[in-house]
Amino acid sequence: MDGVRYKIREVLDKSKIEAFLQQARIGHLGMVDGHLPYVVPLNFVWTNGKLYFHGATGGRRNQVMDANPEVCFTVCEEYGTITDPVPAKTDTAYMSVMIFGKAQPIVDLDEATHMLQEMMNKYVPGYFNRPLPKQHVDKYRSAVFGGPVQVYRIDPDHITAKENPMEEEKMFKPGKTV
């Protein structure tokens with residue numbers, strides 16, 4: 001029964017997945033560190049069917065991806081609890097997307113600049129009054145490790161998405177009892 005129930009939650013609408021990935025603010029990057037899983041939360045941008053993120057060079061995350069670029073990037077948003085008179089049928093409203101692929105460091109300055117501009121447009125829209133100059137990206141250094149910031153791209157091999165939509169009349173509101 002569970003397999004059937006979760007198949008029903010599958011999202012195949014590509015435009016819905018696109019819209020979700022463009023507005024979601026945090027994702028979790030899953031990597032394989034030797035034989036161990038390693039997952040970190042990240043800001044990201046989804047643009048032109050690709051996922052981008054960045055961070056300081058020299059950190060554990062980058063070392064893990066250099067050794068094994070196979071990753072899974074998961075984005076999930078929880079919208080509240082769906083109530084039911086039967087306690088076992090109480091559920092969570094959510095949408096989640098999993099992107100599987102290889103994380104590749106971006107060496108092209110134009111692509112890196114485009115990604116960082118998209119990142120600013122998403123997280124601080126309208127804050128900067130001019131576009132990000134390429135020279136700035138080229139010289140940008142991380143305060144954490146003292147090295148350049150590395151931009152990564154994931155070209156998706158496979159994307160899965162699931163959702164349990166909100167049912168407004170059934171959403172939990174504190175103080176309401178059955």
Side-chain angles (χ1 to χ4, degrees), residues 11-33 37-80 93-163 165-166:
V11 177
L12 299 172
D13 180 344
K14 286 187 176 18
S15 63
K16 187 171 199 167
I17 294 169
E18 279 283 317
F20 177 77
L21 288 172
Q22 284 173 359
Q23 61 81 35
R25 297 180 63 82
I26 301 287
H28 289 82
L29 177 69
M31 299 160 280
V32 180
D33 186 2
Y38 183 57
V39 179
V40 292
L42 296 172
N43 290 337
F44 70 96
V45 290
W46 175 260
T47 180
N48 301 323
K50 297 171 187 349
L51 190 133
Y52 291 87
F53 57 92
H54 73 297
T57 57
R60 179 177 175 196
R61 179 186 68 198
N62 294 6
Q63 292 167 355
V64 170
M65 288 186 300
D66 287 345
N68 183 352
E70 291 290 340
V71 298
C72 173
F73 196 88
T74 302
V75 182
C76 183
E77 292 206 356
E78 186 256 345
Y79 303 124
Y94 70 92
M95 181 159 175
S96 66
V97 175
M98 296 177 77
I99 299 165
F100 299 87
K102 285 186 174 62
Q104 305 173 52
I106 300 306
V107 291
D108 180 70
L109 184 57
D110 289 329
E111 187 174 5
T113 302
H114 171 72
M115 175 275 176
L116 292 168
Q117 182 68 58
E118 291 289 316
M119 187 76 82
M120 291 190 317
N121 294 347
K122 178 177 180 178
Y123 291 98
V124 287
Y127 181 73
F128 295 99
N129 60 10
R130 63 188 178 95
L132 189 64
K134 276 196 277 190
Q135 298 87 331
H136 179 77
V137 175
D138 203 24
K139 291 184 173 72
Y140 188 39
R141 296 289 180 255
S142 164
V144 181
F145 293 105
V149 163
Q150 181 62 64
V151 174
Y152 282 87
R153 180 184 73 223
I154 300 172
D155 295 303
D157 292 331
H158 183 61
I159 297 177
T160 62
K162 291 194 169 140
E163 125 180 279
M166 284 197 289

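Sequential numbering from 1 along the given sequence is applied to the chain's residues. Scope of the values below: all heavy atoms of this structure, side chains included, with no hydrogens, waters or symmetry mates.
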Is there a side-chain contact between [X] and [Y], using heavy atoms and a 4.5 Å cut-off?
{"X": "Asp33", "Y": "Arg60", "result": "yes"}
{"X": "Tyr52", "Y": "His114", "result": "no"}
{"X": "Met115", "Y": "Arg153", "result": "no"}
{"X": "Leu21", "Y": "Ile99", "result": "yes"}

What distance do [X] atom [atom1] and [Y] atom [atom2] have between them, rounded to the nearest 0.5 Å?
{"X": "His158", "Y": "Cys72", "atom1": "NE2", "atom2": "SG", "value": "9.5 Å"}
{"X": "Asn43", "Y": "His54", "atom1": "CG", "atom2": "NE2", "value": "7.5 Å"}
{"X": "Thr47", "Y": "Gln117", "atom1": "OG1", "atom2": "CD", "value": "11.5 Å"}
{"X": "Leu12", "Y": "Ile17", "atom1": "CG", "atom2": "CD1", "value": "7.0 Å"}
{"X": "Lys122", "Y": "Trp46", "atom1": "NZ", "atom2": "CH2", "value": "11.0 Å"}
{"X": "Thr74", "Y": "His28", "atom1": "OG1", "atom2": "NE2", "value": "8.5 Å"}

From CA spacing to verdict: side-chain contact (heavy atoms from CB on, under 4.5 Å), Val75, Phe44: CA-CA 10 Å; Val75 182; Phe44 70 96; 3.8 Å; yes
Which heavy atom of [X] sits nearest a heavy atom of [Y], and at what distance?
{"X": "Glu77", "Y": "Arg25", "answer": "OE2-N, 4.1 Å"}
{"X": "Ala24", "Y": "Tyr123", "answer": "O-OH, 4.3 Å"}
{"X": "Leu29", "Y": "Phe53", "answer": "CD2-CZ, 3.8 Å"}
{"X": "Glu18", "Y": "Gly49", "answer": "OE2-CA, 4.5 Å"}
{"X": "Gly55", "Y": "Asn62", "answer": "O-ND2, 4.3 Å"}
{"X": "Val71", "Y": "Lys102", "answer": "CG2-C, 4.5 Å"}

Main-chain N/O of Tyr152 paired to Gln104 side chain as donor or acceptor, under 3.5 Å: no
Evaluation steps, side-chain contact (heavy atoms from CB on, under 4.5 Å), between Met31 and Asn68: CA-CA 8 Å; Met31 299 160 280; Asn68 183 352; over 6 Å; no
